[in-house]
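Data block below; observations after.
Throughout, numbering of the chain's residues begins at 1 and tracks the sequence.
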Amino acid sequence: FGASVNKSVKIGADEESGGATSVNGSISVGINAVVTGGLRTVNGSIRVDSGAEIENAETVNGRLRMAEGVSADNLTTVNGSVMIGENAEIRGNISAVNGSITVGDNAVVTGGLTTVNGKIIVDSGASIERAKTVNGGLRLSDNVKAEDLTTVNGSMTVGENSSIDGEITGVNGRIELARGVTVSQGISTVNGRIDLTNVEVGGNIETVNGDIELAEGSVVMGDIVVEKPDGWNWGKEKSRKPRIVIGPGSRVEGMIELE
């Protein structure tokens, strides 16, 4: 087990280690190394090279980089970004506060992705559970599998033939789903536009002030609900009325409710 103050720790290629800690230094793990304990630092980055196996990795002020084919458990940082390489396997949660999260092609994350101030990007063929950000967008490429998607101040885009086995929730930002996307539950927003192209939604679509467009054979199995604003207009002007467009071949199996 390696521990240091004011210097970096390096675990070499093909080595076995019980873990490493540092206070003001980075930690690096070489190709195909095996680490059976945690990696922890305060002011420094953590880098794990291709094919290595680790458990948890945690830093406060620094980036986390997992290369191609890395196997890891939970990954946590406060002030820094997290990048997961292609074909990596993360058997837990990935969390940041001030930083973006990127998941590479065909990677598998069996936990959630969470950040406060940063975007989340999931590349083609990857599989994740939940993805949530407060101030940042969500971008999923083609053929991604995910569960619930949530953002407050940011847009969401989902690429072709992706599958969302849950719901999509936004507040201020556009939601755009490409051809062949399926959503098992519903989609909801307050002030963002919703654009669906040849998409199937298993539940309701709900909005307050956002436009909705269903194009190229999109299907909503539930209702479209336009909710009444909750009074934040202060009486100065009338609320904007959302525009609903149901294009050729598209349909709503339930009701269209205007509250």
Side-chain angles (χ1 to χ4, degrees), residues 26-29 38-50 52 54-159 162-177:
S26 62
I27 299 173
S28 63
V29 177
L39 303 175
R40 299 179 182 88
T41 185
V42 177
N43 298 310
S45 62
I46 298 176
R47 190 190 78 238
V48 180
D49 290 338
S50 300
I54 68 168
E55 293 185 359
N56 298 329
E58 178 181 356
T59 182
V60 177
N61 299 309
R63 300 177 297 175
L64 296 175
R65 294 290 183 270
M66 305 292 120
E68 177 183 358
V70 164
S71 175
D73 291 341
N74 299 297
L75 306 176
T76 306
T77 184
V78 177
N79 299 308
S81 60
V82 182
M83 181 173 289
I84 309 301
E86 61 183 38
N87 298 306
E89 180 183 4
I90 310 301
R91 303 175 300 271
N93 298 315
I94 301 173
S95 64
V97 178
N98 299 308
S100 62
I101 298 173
T102 302
V103 176
D105 293 341
N106 301 310
V108 176
V109 181
T110 56
L113 313 178
T114 306
T115 185
V116 178
N117 299 308
K119 61 187 176 181
I120 295 176
I121 299 171
V122 182
D123 290 335
S124 298
S127 175
I128 66 171
E129 289 191 1
R130 304 163 307 280
K132 180 179 181 179
T133 181
V134 178
N135 298 309
L138 289 174
R139 190 183 77 201
L140 278 59
S141 294
D142 298 344
N143 300 300
V144 167
K145 294 182 180 179
E147 293 184 6
D148 299 330
L149 305 179
T150 305
T151 185
V152 178
N153 298 309
S155 62
M156 283 187 271
T157 61
V158 179
S162 293
S163 174
I164 310 301
D165 188 16
E167 60 184 7
I168 298 175
T169 306
V171 179
N172 300 309
R174 181 176 182 176
I175 298 173
E176 184 176 5
L177 310 185

What do the steps show when you test L138 against I168 for side chain to side chain contact (heavy atoms under 4.5 Å, CB included), and what is the final call? CA-CA 11 Å; L138 289 174; I168 298 175; over 6 Å; no
Test your reading of the model: is there a side-chain donor-acceptor pair from T115 to the backbone of S100, 3.5 Å cut-off? no
Closest heavy-atom pair and its distance - I46, A57: CD1-CB, 4.2 Å
Going by the rule salt bridge (charged side-chain N to carboxylate O under 4.0 Å, His left out), which residues pair with D105 if we only count those two or more places apart in sequence or in a different chain? none
Taking all heavy atoms of L140 and all of A146, pick out the closest pair and write down the distance. CD2-CB, 4.1 Å
OG-CG distance between S124 and N106, expressed to the nearest 0.5 angstrom: 8.0 Å
Residues pairing under salt bridge (charged side-chain N to carboxylate O under 4.0 Å, His left out) where one sits in residues 60-82, two or more places apart or in two chains, turn out to be D73-R91
Would a distance-only check, ignoring hydrogens and angles, find a side-chain to backbone donor-acceptor pair under 3.5 Å from S50 to G69? no
Out of curiosity, I120 CD1 to T114 OG1, how far, rounded to the nearest 0.5 Å? 6.5 Å
In this structure, OG1 of T77 is separated from CD1 of I94 (nearest 0.5 Å) by 12.0 Å
How would you list, by chain and number, every residue that makes a side chain to side chain donor-acceptor pair (under 3.5 Å) with S163, sequence neighbours excluded? none
Show the nearest heavy-atom pair for residues T133 and G137, with the distance to one decimal. CG2-O, 4.1 Å
Point-to-point distance, once rounded to the nearest 0.5 Å, from OG of S26 to CZ of R47: 8.0 Å
Measure the spacing between NZ of K119 and CD1 of I101 and express it to the nearest 0.5 Å. 12.5 Å
Under the 3.5 angstrom rule, does the side chain of S162 hit a backbone N or O of N143 as a donor-acceptor pair? yes
So which of T59, N61, N79 actually passes side chain to side chain donor-acceptor pair (under 3.5 Å) with N43? N61
Candidate list I128, V109, V108, test side-chain contact (heavy atoms from CB on, under 4.5 Å), partner I90, passing option: V109
Spatial distance of atom CD1 (I121) from atom CG (L113) [nearest 0.5 Å]: 11.5 Å
Sequence neighbours excluded, every pair satisfying salt bridge (charged side-chain N to carboxylate O under 4.0 Å, His left out) that has a member inside residues 120-142: none
Return yes if some donor-acceptor pair links the side-chain N/O of N93 with the main-chain N/O of N74 below 3.5 Å, else return no. no
Name all pairs fulfilling the salt bridge (charged side-chain N to carboxylate O under 4.0 Å, His left out) condition that reach into residues 143-153, sequence neighbours left out, sorted by first residue then second. none
Residues 82-89 side chain polar contacts: donor-acceptor under 3.5 Å, at least two apart:
none

Min side-chain heavy-atom separation L149-I175 under 4.5 Å: no
